[in-house]
Amino acid sequence: RVAAGIVVPLISVISAALTVACIFSLFSFLTTGAVLGWSPPFRVPAYFQLGKYNFRKKRYKDVIHWLDEVDVNDLPAAEQDEYHFKKGYSYLESGDQEKASSHLSGLASGDSRYGPPANYYYSHILYSQKKYESALLGFRKLIPDPNFGPIVPYYISHILFLQGKYVRRVTPRLPEP
């Protein structure tokens with residue numbers, strides 16, 4: 001009976017201490033993503049996935065928030081391109097052209113699947129900043145692209161007009177068969 005009188009309160013104290021430790025750990029994990037300085041290995045992919053999800057939902061400020069939590073160097077090369085494109089486009093949609101440029105410019109000349117759209121948006125930024133010569137180079141690279149090829153001649157024509165490079169081009173109309 002004496003042993004039971006000591007053991008029951010001891011178990012209650014240990015149980016209360018473990019409960020407090022669990023609550024502290026859960027709160028720490030939810031607020032910082034780490035418990036006592038230890039970050040789980042799924043932290044970066046989880047934040048990256050949240051950024052991608054918000055990108056699909058067109059919540060660009062949330063994309064920036066979640067991708068800010070990701071260390072881009074922890075991602076594989078293919079996902080680094082996706083990271084830079086989605087973050088750059090989100091900055092562009094949020095009105096921050098300078099930060100958008102820093103993410104899109106590196107992809108604009110690349111061969112990844114994000115190269116042509118990054119080149120288009122980066123060239124558009126240059127165009128809106130009246131850096132016409134640089135924008136013209138970017139837009140000309142997009143002429144053979146099936147997605148952007150039909151759009152860029154309008155930019156190119158306007159830039160050439162603004163530069164005073166008036167070119168009279170007459171294309172003969174072929175008779176329809």
Can you find a side-chain donor-acceptor pair between Y53 and Q49 that sits under 3.5 Å? no
Among the clusters formed by ILVMFWY side chains lying less than 4.5 Å apart, do Y91 and L104 turn up in the same one? no
Looking at S94 and D96, would you say the former's side chain and the latter's main chain have a donor-acceptor pair under 3.5 Å? no
Find the distance between NE2 (H84) and OG (S105) and round it off to the nearest 0.5 Å. 9.5 Å
Are the side chain of S102 and the backbone N or O of K99 linked by a donor-acceptor pair below 3.5 Å? yes
Scanning both residues in full, the closest heavy-atom pair of A135 with I159 reads CB-CD1, 4.1 Å
Specify whether F139 and Y127 have parallel, tilted or perpendicular ring planes, treating 30° as the upper limit for parallel and 60° as the lower limit for perpendicular. perpendicular
Please name the pair of heavy atoms, one in P117 and one in F85, separated by the smallest distance, quoted to 0.1 Å. CB-CE1, 3.7 Å
Any chance you could measure L18, atom CG, to I11, atom CD1, to the nearest 0.5 Å? 11.5 Å
Is there a side-chain contact between L67 and V72, using heavy atoms and a 4.5 Å cut-off? no
Going hydrophobic residue to hydrophobic residue with side-chain gaps under 4.5 angstrom, can you get from L137 over to L162? no
So do R56 and K52 actually touch side chain to side chain, heavy atoms under 4.5 Å? yes
Nearest-0.5 Å distance, NZ of residue K141 to OG of residue S109: 6.0 Å
With a 3.5 Å distance limit and no angle check, can you tell me whether N54 reaches the backbone of R59 through a side-chain donor-acceptor pair? no
In terms of ring plane angle, is the pair Y47 and W66 parallel, tilted or perpendicular, where the classes change at 30° and 60°? parallel
With rounding to the nearest 0.5 Å, note down the distance linking CG in L92 to OH in Y121. 8.0 Å
For R113, give me all partners under side chain to side chain donor-acceptor pair (under 3.5 Å), at least two apart in sequence or on another chain. none
Would you check if Y120 and D145 make a side-chain contact, meaning some heavy-atom pair closer than 4.5 Å? no
Inter-residue atom distance Y132.OH - K165.NZ, 0.5 Å rounding: 13.0 Å
Is there a side-chain contact between E133 and Q163 in this structure, where contact means two heavy atoms from C-beta onward sitting under 4.5 Å apart? yes
Could you tell me the separation between the OG atom of S134 and the CD atom of Q129, rounded to the nearest 0.5 Å? 10.0 Å
Evaluate side-chain contact (heavy atoms from CB on, under 4.5 Å) for Y114 paired with Y89, printing each intermediate quantity in order. CA-CA 11 Å; Y114 297 101; Y89 184 82; over 6 Å; no
Heavy-atom count around D111 CG within 6.0 Å, excluding the residue itself: above 12? no
Closest non-hydrogen atoms of A100 and G88, given as atom of the first, atom of the second and distance, are CB-O, 3.2 Å
Closest non-hydrogen contact found for G149 with P153 is O-CD, 2.9 Å
Answer yes or no: is there a side-chain heavy-atom contact under 4.5 Å between H103 and Y83? yes
Is there a side-chain contact between E79 and F48, using heavy atoms and a 4.5 Å cut-off? yes
Indicate if L107 and I64 have the same hydrophobic cluster label, given that clusters are the connected sets of ILVMFWY residues with side-chain heavy-atom separations under 4.5 angstrom. no
Where do A108 and Y122 come nearest, in terms of heavy atoms and distance? CB-CD2, 4.2 Å
Check the orientation of Y155 and H124. Use parallel for under 30°, tilted for 30 to 60°, and perpendicular for over 60°. perpendicular
